[in-house]
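Just below is one structure, and these are the notes that go with it.
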Amino acid sequence: MPRRIGVAAAIVLVAAGLAVPAAQAKAHMLVGLQDDAMTLRGNPTSTFATLKQLRTQIIRINLNWPDVAKRRPAHGQDPADPAYVWEIYDRAIRYAAQNGMQVLLTILFTPSWANGGRARNVPPSNYTDLRNFAYAAATRYGGHYIPNTDSFDELYLPAVKYWTAWNEPANPNWLQQVSGGRFVSPRSYARICTAIWQGVHFTNFAGEKVACGVTGPRGNNAPRTSRPSLSPLSFMRLAKAAGLRNLDAYAHNPYYGKPSETPASKPGGSAVTLGNMNTLISLVNKLWGKKRIWITEYGWQTPPDRLFGVSFARQAAYVRQSYAIARANPRIDMMVWFMLRDDTNLGQGWQSGFLTAAGKKKPSFNVFARLPH
């Protein structure tokens, strides 16, 4: 059975020295990919065979709290609580391990039972519920847990050492931004990140790293507009002022803004893309010290996207150029491309895959597979 430790006791352990410093500089950068539709809900045999062809080192997966816990668990810290349904994640994490890949889990969204029946982008009413879920998830995927199954060949679930708290919390798609005409997302996020950081680290397993931020590249800083959002640098300052203290790394999604740019282009205004990542890194230094940097989403779209698409050849060239830029930055430990296969929904989907929606390889497929590791 898995080793368990209560949150109250774990607080003492953290105070005694569990709060590990940021990871030391690595000799290489993890090359990753995210495509939940394929890794969670596609055919895992063919999906992970394709990911192995691409020499993928790490897979990012959104661990959606409402999907795992459709009802309130009686014992939120216990991953075996019958309210929890983990199987789709167990399968993907096992396939990743079998193919030599690490996993980055992003804890995301709120079940309706945890926020008074509101939308999933509204934070929990009690952040202890989120901390308990993070603890349960990190316990299950701590490398020491055998799930209760009918199978006789009991196997420990693989360890997950990389975690992020939410996704793009300054974007209203992912987190409620305003209340009463004022931005509330930085304060909400400071509590979200603290709850997830504590939940993961209170398991007392070695080596877990929790990245906070996971900011998007731009925002309008206009709380009374129809779609309010915060620019990444503004959000960082406000989240720190609201109490965001504990993080092992800072994550950012430095997408380009228009197809005329290149990976090296420096955007105007308050945006932070790959071309001016050092602006963000300088602010991380000021607010939280020299934390490691994770690029948790990046990509270039191709046709049939009409607004942001670049040619197949240009996408391939930008794969090579963008990873070279990231690798040359000594602070960046990981870069995750979004996505493996283009969406079929052209109106709402994304077209940055290495495969077309029909499954045909784009030139970028072989470029990604040959990136230095």
Side-chain angles (χ1 to χ4, degrees), residues 7 10 32 34 36 39-40 58-70 72-73 76-79 81 83-90 92-93 96 102-115 119-142 145 157-171 173-176 185 188-203 205 207-216 239 244 246-253 294 296-297 334 336 338:
V7 167
Q34 179 177 11
D36 287 2
T39 56
L40 291 179
I58 189 165
I59 298 296
R60 183 185 180 205
I61 295 173
N62 287 332
L63 180 63
N64 287 302
W65 185 14
D67 291 347
V68 177
K70 291 183 171 60
R72 177 181 288 279
Q77 296 179 42
D78 184 358
D81 189 287
Y84 288 140
V85 180
W86 304 95
E87 282 72 17
I88 192 172
Y89 297 100
D90 291 354
I93 290 167
Q102 299 187 70
V103 173
L104 164 64
L105 287 179
T106 295
I107 294 178
L108 183 61
F109 291 136
T110 311
S112 60
W113 57 258
N115 65 6
R120 65 181 186 171
N121 70 331
V122 176
S125 306
N126 185 339
Y127 288 87
T128 300
D129 290 329
L130 177 57
R131 185 179 68 185
N132 287 344
F133 176 69
Y135 181 90
T139 298
R140 189 175 188 90
Y141 303 123
Y145 190 89
L157 284 164
V160 173
K161 296 300 184 184
Y162 297 93
W163 301 79
T164 70
W166 234 250
N167 182 67
E168 298 196 2
N171 179 327
N173 290 347
W174 306 99
L175 185 64
Q176 177 192 20
S185 53
S188 299
Y189 187 69
R191 295 177 174 183
I192 285 170
C193 188
T194 298
I196 293 173
W197 187 92
Q198 289 177 341
V200 170
H201 281 299
F202 287 175
T203 59
F205 298 136
E208 291 101 338
K209 298 177 180 66
V210 179
C212 296
V214 206
T215 36
L244 178 53
N246 295 320
L247 61 157
D248 304 309
Y250 190 90
H252 185 63
N253 302 339
W294 300 353
T296 37
E297 277 184 47
M334 134 183 5
V336 176
F338 184 84

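Any value given below was found using the heavy atoms of this structure, including those in side chains, with hydrogens, waters and symmetry copies removed.
Here the straight-line distance linking atom CD1 of I61 with atom CG of L40 works out to 5.0 Å at 0.5 Å rounding. Taking OH from Y145 and OG1 from T139, the interatomic distance works out to 8.5 Å, rounded to the nearest 0.5 Å. Of the inter-residue distances, the one linking N62 atom CG with N64 atom CG reads 5.5 Å to the nearest 0.5 angstrom. For the atom pair CG of N171 and CG of N253, the computed distance is 10.0 Å after rounding to the nearest 0.5 Å. With rounding to the nearest 0.5 Å, the separation of CG in L105 from NZ in K161 is 12.0 Å. Distance check, rounded to the nearest 0.5 Å: NE2 of H201 to CD of E208 gives 7.0 Å.
W65 pairs by the ring pair (Phe, Tyr, Trp, His ring centres under 6.0 Å) definition with W113, F133, not counting sequence neighbours. Evaluation of the side-chain contact (heavy atoms from CB on, under 4.5 Å) rule for I58 yields L30, Q102, L104, Y162, M334 as partners, not counting sequence neighbours. The side-chain hydrogen bond (donor to acceptor under 3.5 Å, both in side chains) search around T128 returns N126, not counting sequence neighbours. Residues forming a salt bridge (charged side-chain N to carboxylate O under 4.0 Å, His left out) with D129 (at least two apart in sequence, or on another chain): R72. Residues meeting the side-chain hydrogen bond (donor to acceptor under 3.5 Å, both in side chains) test with R60, sequence neighbours left out: Q34, T106, N167, E297. With sequence neighbours excluded, no residue satisfies side-chain hydrogen bond (donor to acceptor under 3.5 Å, both in side chains) with Y189. For A190, the side-chain contact (heavy atoms from CB on, under 4.5 Å) partners at least two apart in sequence or on another chain are A242, L244. Looking at residues two or more places apart in sequence or on another chain, you find a ring pair (Phe, Tyr, Trp, His ring centres under 6.0 Å) between F109 and W174. Residues meeting the ring pair (Phe, Tyr, Trp, His ring centres under 6.0 Å) test with Y89, sequence neighbours left out: none. Remark: T215 engages Y250, H252 in a side-chain hydrogen bond (donor to acceptor under 3.5 Å, both in side chains) (not counting sequence neighbours). Partners of A137 by side-chain contact (heavy atoms from CB on, under 4.5 Å), not counting sequence neighbours, listed by chain and number: L63, W86, W163.
Q198 is not listed as a side-chain neighbour of Y135, based on a closest heavy-atom distance of 4.5 Å or more. Q176 has its side chain out of reach of S185: every pair of non-hydrogen atoms, C-beta onward, lies at least 4.5 Å apart. Using a 4.5 Å heavy-atom cutoff, the side chains of L130 and I192 are in contact.
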Please lay out, stage by stage, how L247 and V210 fare under the test side-chain contact (heavy atoms from CB on, under 4.5 Å). CA-CA 6 Å; L247 61 157; V210 179; over 6 Å; no
Item to complete: Carefully, step by step, assess N121 and N173 under the rule side-chain contact (heavy atoms from CB on, under 4.5 Å).
Response: CA-CA 7 Å; N121 70 331; N173 290 347; over 6 Å; no
**V200 and F205: CA distance, side-chain angles, deciding distance, side-chain contact (heavy atoms from CB on, under 4.5 Å) verdict** = CA-CA 9 Å; V200 170; F205 298 136; over 6 Å; no
side-chain contact (heavy atoms from CB on, under 4.5 Å) evaluation trace for Y84 with D78: CA-CA 9 Å; Y84 288 140; D78 184 358; 5.8 Å; no
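Shortest non-hydrogen contact noted between G199 and A138 is O-CB, 4.5 Å. Residues P123 and S188 share a closest heavy-atom pair of CG-OG, 3.7 Å. Residues A134 and A195 come closest through the heavy atom pair CB-O, 4.3 Å. In this structure, P111 and P66 approach most closely via the heavy-atom pair N-CG, 3.6 Å. A pairwise comparison of heavy atoms in A114 and T110 identifies CB-CG2, 3.8 Å as the closest pair. The heavy-atom pair separating A136 from G76 by the smallest distance is CB-O, 3.4 Å.
I196 pairs with exactly one of I107, N246, L108 by the side chain to side chain contact (heavy atoms under 4.5 Å, CB included) rule, that one being I107.
Using a distance-only test at 3.5 Å, with no hydrogens or angles considered, no donor-acceptor pair links the side chain of N132 to the main chain of Q77. Side chain of D81 to backbone of A83: a donor-acceptor contact under 3.5 angstrom is found. Listed for the N115 side chain is a donor-acceptor partner under 3.5 Å among the backbone atoms of V122.
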